[in-house]
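Below: the structure, in structure tokens.
Order of appearance sets the numbers: ligands from 1, and atoms from 1 within every ligand.
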Amino acid sequence: MIDKKEKQEKTIIIGSGPAGMSAALYAARANLEPLVLSGMELGGQVSVTHIVENYPGFPEGIEGPKLVENFQKQAERFGTKVEFDSATEVDLSTRPFRVKTWGNEYLAETLIITTGATPRHLDIPGEKEFTGRGVSYCATCDGHFFQGKDVIVVGGGDSALEEGLFLTRYVNSVKIIHRREELRAGAILQNRAFKNDKVEFIWNTVVTEIIGDGIVDTVKLKNVKTGNEEELKTDGVFIFIGHIPNTDLYEGQLELDENGYVQVDRFMQTSVPGVYAAGEVADSHFRQVITSAGMGAGAAMQAIHFLEDHS
Ligand code: NAP
């Protein structure tokens, strides 16, 4: 239970990615002096993206960390407070809502949840070591760096096929490695992939290790039916085996969908009035900087209206 003396805020934003910082910008410009709890990684997934080339306004693209810095500066310019702290406990049963962090305890008249989603990892040797050095979780972000290369994609869902097909714009070949011999992906994507000359499937197979010298060079594969093991040379390993929304704190307090994403209506309203969610924590479909930013702005606009109606 939270029992220390709490600091009261009009709006607390949990998370500092594009959704959180856009929400902060809009809330700050309405003089709410929002508090952003940045989480462990200021900027979220964008902070580990080499370059963002599909966010309008930057014709030459912009490095992920620079975009994060710009988001923060712009939000702070209008009065946003950014704390390098993480929410560890929330109580949404009464308003103002209670938020406990590593360092403090707060009361929030409105809450905007933008805690994002984490790409599911294979958890195999080499995966962490080569992330950003040939291992990627985002074809849209990194595909461009694999011009004329041979890459593998791991997964059999819509993301694996969609991202694998996207990669064919750049790469010489894509081998899609799936642990079964039936795809989870929808029929349209399956047909497109089967028809694409650059795409090949390796069925009933898992990747057990990623090997390289500074950058990815080889993967170890295991056929789950025969037990046969082999090595495959590759320049890149794109992993699309689903995402895990960061919603642990809200379980039992907010309605989540069957995959754990926060359920929101088109006004970013969650099942608790005054609590909004935006970005990938509430969106398993688009997952782009621009769509998250748009959701964040919308959530803040609704929080502003809510505070006007409840003052
Ligand atoms: P997903 O549908 O959960 O598929 C994940 C895939 O990864 C599955 O094929 C699964 O294999 C495989 N997988 C999971 N854990 C693995 C592991 N440890 N090792 C190897 N393989 C593993 O995830 P998603 O493709 O990201 O899609 C998420 C949601 O977004 C879905 O509802 C999807 O329809 C939607 N989406 C839609 C579109 C579109 O409509 N264009 C595009 C992207 C995503 P199994 O099949 O054996 O379980």
task: Go through Phe97 and Val90 one step at a time and tell me if the side chain to side chain contact (heavy atoms under 4.5 Å, CB included) criterion holds.
output: CA-CA 7 Å; Phe97 310 111; Val90 295; over 6 Å; no
Nitrogen or oxygen contacts under 3.5 Å, ligand 1 side and protein side:
residue: ligand 1; atom: 9 (O); partner: Gly156; partner atom: N; Å: 3.0
residue: ligand 1; atom: 9 (O); partner: Gly157; partner atom: N; Å: 3.2
residue: ligand 1; atom: 11 (O); partner: Arg179; partner atom: NE; Å: 3.1
residue: ligand 1; atom: 11 (O); partner: Arg179; partner atom: NH2; Å: 3.3
residue: ligand 1; atom: 25 (O); partner: Asp158; partner atom: N; Å: 3.3
residue: ligand 1; atom: 25 (O); partner: Ser159; partner atom: N; Å: 2.9
residue: ligand 1; atom: 25 (O); partner: Ser159; partner atom: OG; Å: 3.2
residue: ligand 1; atom: 26 (O); partner: Ser159; partner atom: OG; Å: 2.7
residue: ligand 1; atom: 34 (O); partner: Asp158; partner atom: OD2; Å: 2.5
residue: ligand 1; atom: 41 (N); partner: Glu162; partner atom: OE2; Å: 2.7
residue: ligand 1; atom: 46 (O); partner: Arg180; partner atom: NE; Å: 3.4
residue: ligand 1; atom: 46 (O); partner: Arg180; partner atom: NH2; Å: 2.8
residue: ligand 1; atom: 46 (O); partner: Arg184; partner atom: NE; Å: 3.0
residue: ligand 1; atom: 46 (O); partner: Arg184; partner atom: NH2; Å: 3.4
residue: ligand 1; atom: 47 (O); partner: Arg179; partner atom: NE; Å: 2.9
residue: ligand 1; atom: 47 (O); partner: Arg180; partner atom: NE; Å: 2.7
residue: ligand 1; atom: 48 (O); partner: Arg179; partner atom: NH2; Å: 2.9
residue: ligand 1; atom: 48 (O); partner: Arg184; partner atom: NE; Å: 3.4
residue: ligand 1; atom: 48 (O); partner: Arg184; partner atom: NH2; Å: 2.7

message: Run the ring pair (Phe, Tyr, Trp, His ring centres under 6.0 Å) test on Phe194 and Phe201 for me, step by step, so that the C-alpha distance in whole Å, both residues' side-chain angles and the decisive distance to 0.1 Å come before the verdict.
response: CA-CA 9 Å; Phe194 290 142; Phe201 285 86; 5.2 Å; yes
task: With sequence neighbours excluded, tell me which residues meet ring-ring contact (aromatic ring centres under 6.0 Å, His included) with Phe84.
output: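 Residues passing ring-ring contact (aromatic ring centres under 6.0 Å, His included) with Phe84: none at all.
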Which atom pairs, donor and acceptor, lie under 3.5 Å between side-chain atoms of residues 202-211 and protein residues at least two apart or in another chain?
residue: Asn204; atom: OD1; partner: Glu181; partner atom: N; Å: 3.3
residue: Asn204; atom: ND2; partner: Glu181; partner atom: OE1; Å: 3.1
residue: Thr205; atom: OG1; partner: Trp203; partner atom: O; Å: 2.6
residue: Thr208; atom: OG1; partner: Lys220; partner atom: O; Å: 3.2
residue: Glu209; atom: OE1; partner: Lys220; partner atom: NZ; Å: 3.4

- prompt: With a 4.5 Å heavy-atom cut-off, do Leu183 and His178 have their side chains touching?
  reply: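 Sidechains of His178 and Leu183: in contact.
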Which donor-acceptor pairs under 3.5 Å do side chains of residues 13-42 form with protein atoms, sequence neighbours excluded?
residue: Ser16; atom: OG; partner: Ser38; partner atom: O; Å: 2.9
residue: Ser16; atom: OG; partner: Gly43; partner atom: N; Å: 3.0
residue: Ser22; atom: OG; partner: Pro18; partner atom: O; Å: 2.6
residue: Ser38; atom: OG; partner: Glu83; partner atom: O; Å: 3.3

